[in-house]
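This one's a predicted model, so the numbers in the text were calculated from it and none came from an experiment.
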Amino acid sequence: MSELYYGVHTLGGVITERNGDLCTIRLRTPAGILSVEKMRGIAEIAERFGQNEVHLTTRQTLEIPHIHHTRLEEIKEALAENGTPLGSEKDEVVNIVACPGTERCKFANSDSIGLAKRLDEKLFGKEMPVKIRISISACSYACTSPVLNEIGITTRVSPHRTPGLCTGCGQCSEYCKEEAISVIGGEARVDKEKCLECGVCVTSCPFQLVDIQKKYYIITVGGRRGRHPQMGRVLAEVDNEDDVVNIIDRLVYWVYRRAWSGRLLSDQLEDIKFDSFKNDVLPELLKKE
């Protein structure tokens, strides 16, 4: 939040409803993770303010609806005490979305929730000229639609097969949804043009003859949903989480300093030479290549 404070009604977590006297209160819940204790606290706060329902948003946050504008400061303080402060909805870095990651999902290749929490701690609520939505997916299934956000992060893995030991059982071919694996001459072969590097063949091999040769993160920029959806462009591919955090930090800083107000980032990239933009954001990375 800016050092200048113009009142709780101006904050991103306060959304005016059709009835102008009422507001919906959006909470800050990175990756949609809440402890049971905090959930109880939210329920108690909602009831205290006369509500018996809350709303789950598409960005993995909670909203408490129909709060009268005279009670905004009161509910803001109550939520802060509960450890679930006001969220963000305006031209800011809004709630960061992530899939379950390696903590729970059998297809995941990275700790997406841990990464979301790191980015949230560093960037959440930063005032921007345009809204910045960040979405993280731990595999190529892309359940959180990272390429349809201003900033998307997707983890991929390159499979490696132990030469000469494949039994040709066809298990990996059976599990590959892209039909990228064929058993030829008693050996599994991969069509790299079809392979999305999801890692399913690694986990499905019953003899552990397929392992991960390389794990990396794809960072995309300029995606959007809404009336005119658009896929983001690949900004960088890096092989560790620290580089991801540093690049996203540089990217958000660039948007803060250089982007124009009033236009989605996806629209602005049409007017910016992408290679020049990439050079501005990633000079050190490009020097390594």
Side-chain angles (χ1 to χ4, degrees), residues 1-2 12 28 30-31 59-60 87-99 101 109-138 140 142 144-156 215-226 229-289:
M1 187 175 72
S2 168
R28 176 182 180 180
R59 294 206 63 82
Q60 299 180 338
S88 183
E89 191 270 338
K90 297 183 179 178
D91 287 341
E92 305 163 294
V93 177
V94 300
N95 203 65
I96 297 171
V97 171
C99 66
N109 297 309
S110 65
D111 178 14
S112 51
I113 291 176
L115 177 56
K117 290 180 177 179
R118 287 185 66 182
L119 291 171
D120 170 86
E121 184 176 355
K122 196 175 188 69
L123 299 171
F124 175 82
K126 181 176 175 60
E127 293 182 1
M128 305 291 289
V130 294
K131 184 181 293 187
I132 295 294
R133 287 159 281 220
I134 301 174
S135 180
I136 306 168
S137 177
S140 303
T144 53
S145 304
V147 295
L148 296 179
N149 286 258
E150 279 77 14
I151 299 174
I153 304 161
T154 306
T155 311
R156 290 190 171 188
K215 182 177 86 169
Y216 65 102
Y217 302 82
I218 298 176
I219 300 172
T220 54
V221 60
R224 70 181 179 209
R225 293 179 175 177
Q230 181 171 306
M231 294 181 68
R233 308 183 195 186
V234 175
L235 177 69
E237 296 181 5
V238 296
D239 59 11
N240 67 83
E241 189 179 285
D242 288 341
D243 279 347
V244 173
V245 173
N246 290 334
I247 289 170
I248 301 303
D249 188 32
R250 289 180 64 93
L251 175 55
V252 168
Y253 180 74
W254 188 97
V255 173
Y256 177 75
R257 294 294 300 271
R258 303 282 292 277
W260 308 298
S261 300
R263 294 178 64 196
L264 293 172
L265 184 61
S266 56
D267 291 333
Q268 298 191 39
L269 288 182
E270 295 296 328
D271 301 328
I272 301 170
K273 292 184 178 180
F274 193 69
D275 287 342
S276 175
F277 166 74
K278 192 172 180 178
N279 271 302
D280 284 345
V281 176
L282 306 172
E284 291 85 359
L285 182 68
L286 293 175
K287 288 176 184 176
K288 294 179 185 178
E289 295 179 350

pair [X]-[Y]: side-chain heavy atoms closer than 4.5 Å:
X: V281; Y: V221; value: no
X: R156; Y: N109; value: no
X: E150; Y: L264; value: yes
X: R250; Y: L282; value: no
X: L123; Y: I132; value: no
X: T144; Y: I136; value: no
X: R59; Y: N149; value: yes
X: T220; Y: T154; value: no

Qualifying residues under side-chain contact (heavy atoms from CB on, under 4.5 Å), relative to K117, sequence neighbours excluded: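 If we apply the side-chain contact (heavy atoms from CB on, under 4.5 Å) test to K117, skipping adjacent residues, the hits are I33, I113.
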Set of residues satisfying side-chain contact (heavy atoms from CB on, under 4.5 Å) with respect to R118, sequence neighbours excluded: E241, D242, V245
Could you tell me whether the side chain of [X] and the main chain of [Y] form a donor-acceptor pair under 3.5 Å?
X: S112; Y: C99; value: yes
X: E237; Y: Y216; value: no
X: Q60; Y: N95; value: no

Checking [X] now: which residues fulfil salt bridge (charged side-chain N to carboxylate O under 4.0 Å, His left out) with it, not counting sequence neighbours?
X: D120; result: R28
X: D239; result: none
X: D91; result: none

Residue pairs passing the ring-ring contact (aromatic ring centres under 6.0 Å, His included) test where at least one lies in residues 247-276, sequence neighbours excluded: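 Found W254-F277, F274-F277.
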Minimum-distance pair of heavy atoms, taken over all atoms of A31 and A98: CB-CB, 3.9 Å
